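Throughout, numbering of the chain's residues begins at 1 and tracks the sequence. What you see below is based on every heavy atom in this structure, not just the backbone, and it leaves out hydrogens, waters and symmetry mates. What you are looking at is a predicted structure, and each value in this text was computed from that prediction instead of being measured.
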Amino acid sequence: MNDVLERLRAEAGPSPEYEVLLTAAPDALADFLTSAGLPLWARELAAYRLGLAGDRRAFESLVLLLNHRDPARCAAAAEALAVLDDPRTARAAAALATNALRTAYALQPVRLLTALRAPESVPALTATLSRLLSPHDPYWRVALACVEGLGALADPRARELLVRAQSHPRLAVAATAALKQLRGPC
């Protein structure tokens, strides 16, 4: 949390709005999210604080940030969404993780799906991983997160795909470890 707040403080610069948002009550934070003309750091700070407080008014803003091109924003949004405990989170994360046009930004949605352990998690991770198994795919870090997530989820439905992942040079070690985590006969 401190890393997120320090990053946002640096982005805010000398703006007095930072201190206001840092101490604002939930209703004021929700009002900030619907205000026009706010800088991105202010929207992120309001959504992040609301999410960590379990206030579902932050959901839409956090999902937008989860799909942002800045990895730090995505990670902060994933952290807040995991705490938020909104039933829509897994569907949103699955939609982002499986969107072939947004694969470059799928790392945090994949990690969030693993943390959520929702019914959508394994199907989304397997769908994403299956399209990333070509040896020259540039999104191997997303594929690696899928492999690690499938291992952590230990769902036997992932066995065949993890066996295929063992032949990928950058995924082999993680795929072997993930297979060891699966339940059932090998």
Notebook entry, point to check: Does the pair Tyr48 and Glu79 meet the rule for a side chain to side chain donor-acceptor pair (under 3.5 Å), with working shown?
Noted result: CA-CA 8 Å; Tyr48 182 75; Glu79 177 188 349; 3.0 Å; yes
Distance-only, no hydrogens or angles: does the [X] side chain make a donor-acceptor pair with backbone N or O of [Y] under 3.5 Å?
{"X": "Arg49", "Y": "Ala24", "answer": "yes"}
{"X": "Ser61", "Y": "Ala47", "answer": "no"}
{"X": "Ser121", "Y": "Ala118", "answer": "yes"}
{"X": "Arg131", "Y": "Thr126", "answer": "no"}

Note to self: Check for me whether Arg88 meets the cation-pi criterion with Phe59, that is, NZ or CZ under 6.0 Å from the six-membered ring centre and within 45 degrees of the ring axis.
What the structure shows: yes
Note to self: Check Arg164 with Glu160, please: is the shortest side-chain N to carboxylate O separation under 4.0 Å?
What the structure shows: no
Note to self: Under a 4.0 Å threshold between the charged nitrogen and the carboxylate oxygen, would Asp86 count as salt-bridged to Arg57?
What the structure shows: no
Check: Less than 4.5 Å apart, any side-chain heavy atom of Leu45 and any of Arg9?
Finding: no
Note to self: Is there a path of hydrophobic side-chain contacts, each under 4.5 Å between heavy atoms of I/L/V/M/F/W/Y residues, joining Leu64 to Val4?
What the structure shows: no
In a table with atom names and distances, give each donor-acceptor pair under 3.5 Å that connects a side chain of residues 107-116 to protein atoms at least two apart or in another chain.
residue : atom : partner : partner atom : Å
Thr114  : OG1  : Val110  : O            : 3.2

Review item, side-chain donor-acceptor pairs of residues 32-41, under 3.5 Å, at least two apart:
residue : atom : partner : partner atom : Å
Thr34   : OG1  : Asp31   : O            : 3.0
Ser35   : OG   : Asp31   : O            : 2.8

